[in-house]
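To keep things clear, I will list the structure first and then write my remarks on it.
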Amino acid sequence: MDFLYNVFTVLHFVGWAIVLGGYLASLRSPGLYRGVFHGAATALVAGVLMVGVAEMGDLWASGGPSMAKIGVKLTVALVIAVLAFVAKRQGSKADNGTGAVAPALKHSIGALVLVNIVVAVFW
């Protein structure tokens, strides 16, 4: 179970790195990289699987993180995934061919990723 948990942890980190990296790389362009949605979906699924594997095994014998923290992170991750999906669709429907998305949509994805990281580290 430890190995499986660690695999999902790596996938979770890689997913968030794709989201944050895609956001940062697209700051100077009107669009958002399509990989941001895939990274968010990967991080979301890997996070859920991490919690499931940890609950099945004895990885959290000492009680583990609070389920309130897990709930907050899950909610934020779901919002990020939905926003990234909306941005992906908005970018594919852009008339000018640039894949432009609303700046507020793009920046809210970046801000929520940072919120999720801060919750993970400091809670």
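Heavy atoms only: backbone and side chains are in, while hydrogens, waters and symmetry mates are out.
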Is there a side-chain contact between F8 and L11 (heavy atoms, below 4.5 Å)?
->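 A side-chain contact under 4.5 Å exists here.
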Verify same cluster id: [X], [Y] (apolar side-chain graph, 4.5 Å):
X   : Y   : value
L78 : V72 : no
V79 : F85 : no
M56 : M50 : yes

Compile the donor-acceptor pairs under 3.5 Å between side chains in residues 111-123 and protein atoms, sequence neighbours left out, one pair per line.
from : atom 1 : to  : atom 2 : distance (Å)
N116 : OD1    : K73 : NZ     : 3.2

If you round to the nearest 0.5 Å, how far is CG of L83 from NZ of K88?
-> 14.5 Å
Supply the atom-to-atom distance K69 NZ to L74 CG, rounded to the nearest 0.5 angstrom.
->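 Between atom NZ of K69 and atom CG of L74 there are 13.5 Å.
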What are the two closest heavy atoms between L32 and K106, and how far apart are they?
->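 L32 and K106 have their closest heavy atoms at CD1-CG, 3.8 Å.
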Minimum heavy-atom distance between I109 and A87, given as atom pair plus value = CD1-CB, 4.3 Å
How would you list, by chain and number, every residue that makes a side-chain contact (heavy atoms from CB on, under 4.5 Å) with V51, sequence neighbours excluded?
-> E55, W60, I70
Using atom types as modelled, flag every donor-acceptor pair under 3.5 Å from a side chain in residues 15-31 to any protein atom, sequence neighbours excluded.
from : atom 1 : to   : atom 2 : distance (Å)
W16  : NE1    : H12  : NE2    : 3.2
Y23  : OH     : H107 : ND1    : 3.0
S26  : OG     : G22  : O      : 3.0
S26  : OG     : Y23  : O      : 3.1
S29  : OG     : S26  : O      : 3.3

Restricting to pairs with a member in residues 62-84, which pass ring pair (Phe, Tyr, Trp, His ring centres under 6.0 Å), not counting sequence neighbours?
-> none
Please tabulate, one pair per line, all N/O donor-acceptor pairs under 3.5 Å involving side-chain atoms of residues 33-48, not counting sequence neighbours.
from : atom 1 : to  : atom 2 : distance (Å)
T42  : OG1    : H38 : O      : 2.8

